[in-house]
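Right, one structure below, let's go through it.
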Amino acid sequence: MKKHATVAKIVSIFSTVMLILALLLAVAFGGCRLFGMKALVITSGSMIPKYPVGSIVYVRPVAPENLSVGDDITFRISGDSTGTHRIREIDAENRQVYTYGINNKDSEGNPINDANPVDFDYIVGRVEFSLPIAGYLFILFGETGGKLFILGLLLFSLLLDRVAGSKKKYNRTRRAQE
């Protein structure tokens with residue numbers, strides 16, 4: 001009897017952990033929109049060590065006049081492609097910022113500036129904070145297969161919890177009849 005109680009407890013803990021994990025992932029990946037931010041994945045090493053490859057950056061839209069030299073911004077490069085770099089200069093008259101990747105350096109260790117300025121209209125927003133490595137999960141669960149995997153895992157854990165609960169109820173009924 002104790003063996004079944006232990007299994008039921010383990011299954012219950014597992015299903016609870018899976019549910020909490022699913023909720024945390026939902027908040028981390030989509031809930032940021034409730035706070036006016038967008039989650040994006042860093043896919044290049046130009047901002048290492050601040051934003052390692054695979055990090056998620058949370059970007060909040062900001063008016064260009066509220067940007068400062070030294071801010072990390074995300075901007076559209078083309079289509080859905082974006083980049084995240086640091087502002088080195090703001091040209092308000094021409095409505096552009098000049099940026100650089102903090103890891104892009106010449107042979108003497110000096111930062112290499114980006115070749116082209118970023119027009120104000122292409123700025124997605126300022127980086128508010130980041131989660132290292134979480135971007136790999138973001139990419140995985142953003143794909144159909146990843147979503148199906150999470151859904152299957154949740155259904156499996158709920159099924160296990162249900163089976164363990166049914167077994168526990170069956171055992172109580174059996175003991176009451178004896």
Side-chain angles (χ1 to χ4, degrees), residues 17-155 157:
V17 167
M18 291 309 301
L19 185 59
I20 290 170
L21 181 62
L23 289 172
L24 287 174
L25 289 172
V27 168
F29 299 154
C32 61
R33 292 183 200 152
L34 297 172
F35 302 102
M37 290 186 281
K38 186 175 188 175
L40 299 164
V41 179
I42 298 293
T43 58
S44 79
S46 66
M47 290 297 283
I48 290 173
K50 186 160 185 183
Y51 309 121
V53 174
S55 296
I56 294 179
V57 290
Y58 292 89
V59 178
R60 185 183 309 275
V62 62
E65 58 270 9
N66 293 329
L67 292 171
S68 302
V69 170
D71 284 347
D72 296 334
I73 61 166
T74 297
F75 50 91
R76 286 189 318 277
I77 296 172
S78 64
D80 288 339
S81 182
T82 59
T84 298
H85 280 175
R86 183 162 291 160
I87 296 176
R88 71 171 172 84
E89 181 183 336
I90 299 172
D91 182 355
E93 185 178 323
N94 291 314
R95 299 186 43 78
Q96 297 176 327
V97 294
Y98 294 86
T99 60
Y100 66 99
I102 62 174
N103 195 38
N104 296 342
K105 300 186 181 199
D106 63 18
S107 61
E108 295 176 9
N110 299 312
I112 298 174
N113 298 322
D114 292 342
N116 299 310
V118 177
D119 291 335
F120 284 179
D121 295 336
Y122 287 86
I123 297 172
V124 175
R126 178 175 38 223
V127 176
E128 295 292 324
F129 64 97
S130 67
L131 291 176
I133 311 218
Y136 294 117
L137 292 174
F138 187 81
I139 291 169
L140 172 68
F141 299 138
E143 301 290 322
T144 303
K147 290 175 185 172
L148 290 174
F149 174 76
I150 288 293
L151 180 62
L153 201 54
L154 283 173
L155 290 174
S157 64

Do Leu40 and Thr84 pass the side-chain contact (heavy atoms from CB on, under 4.5 Å) test, and can you show the C-alpha distance, the side-chain angles, and the key distance before you say yes or no? CA-CA 10 Å; Leu40 299 164; Thr84 298; 5.7 Å; no
How far apart are the C-alpha atoms of Tyr100 and His85, what are their side-chain angles, what is the distance that settles it, and do they pass the side-chain contact (heavy atoms from CB on, under 4.5 Å) test? CA-CA 5 Å; Tyr100 66 99; His85 280 175; 5.7 Å; no
Which atom names give the shortest non-hydrogen contact between Ile56 and Ala39, and what distance separates them? CG2-CB, 3.8 Å
Are side-chain heavy atoms of Asp71 and Val97 found at a separation under 4.5 Å? no
Any donor and acceptor pair, going by atom type alone, linking the side chain of Arg86 with main-chain N or O of Met47 inside 3.5 Å? no
Point-to-point distance, once rounded to the nearest 0.5 Å, from CG of Asp119 to CD of Gln96: 5.0 Å
For residues 39-58, which residue pairs qualify under ring pair (Phe, Tyr, Trp, His ring centres under 6.0 Å), counting only residues two or more places apart or in two chains? Tyr58-Phe129
Distance-only, no hydrogens or angles: does the Arg126 side chain make a donor-acceptor pair with backbone N or O of Asn66 under 3.5 Å? yes
As an exercise, state the distance from CD of Glu128 to NZ of Lys38, rounded to the nearest 0.5 Å. 15.0 Å
Arg88 and Asp114: side-chain contact (heavy atoms from CB on, under 4.5 Å), yes or no, with the steps? CA-CA 10 Å; Arg88 71 171 172 84; Asp114 292 342; over 6 Å; no
Check: Ile73 and Tyr122 side chains under 4.5 Å, non-hydrogen atoms: no
Between CD1 of Ile102 and NZ of Lys105, what distance do you get to the nearest 0.5 Å? 7.5 Å
Within the supplied structure, the quantity of interest is the number of heavy atoms (other residues, nucleotides, ligands) at a distance under 6.0 Å from Ile133 CD1; does it exceed 12? no
Applying side-chain contact (heavy atoms from CB on, under 4.5 Å), run through Asn94 and Phe120 and close with a yes or a no. CA-CA 9 Å; Asn94 291 314; Phe120 284 179; over 6 Å; no
Tightest non-hydrogen contact, residues Ile123 and Leu67, listed as CD1-CD1, 3.7 Å
How far does OG of Ser130 sit from NZ of Lys50, to the nearest 0.5 angstrom? 7.5 Å
Measuring from Ile42:CD1 to Ile48:CD1, what's the distance to the nearest 0.5 Å? 10.0 Å
Exercise: identify the closest heavy-atom pair between Pro61 and Gly36: CD-O, 3.1 Å
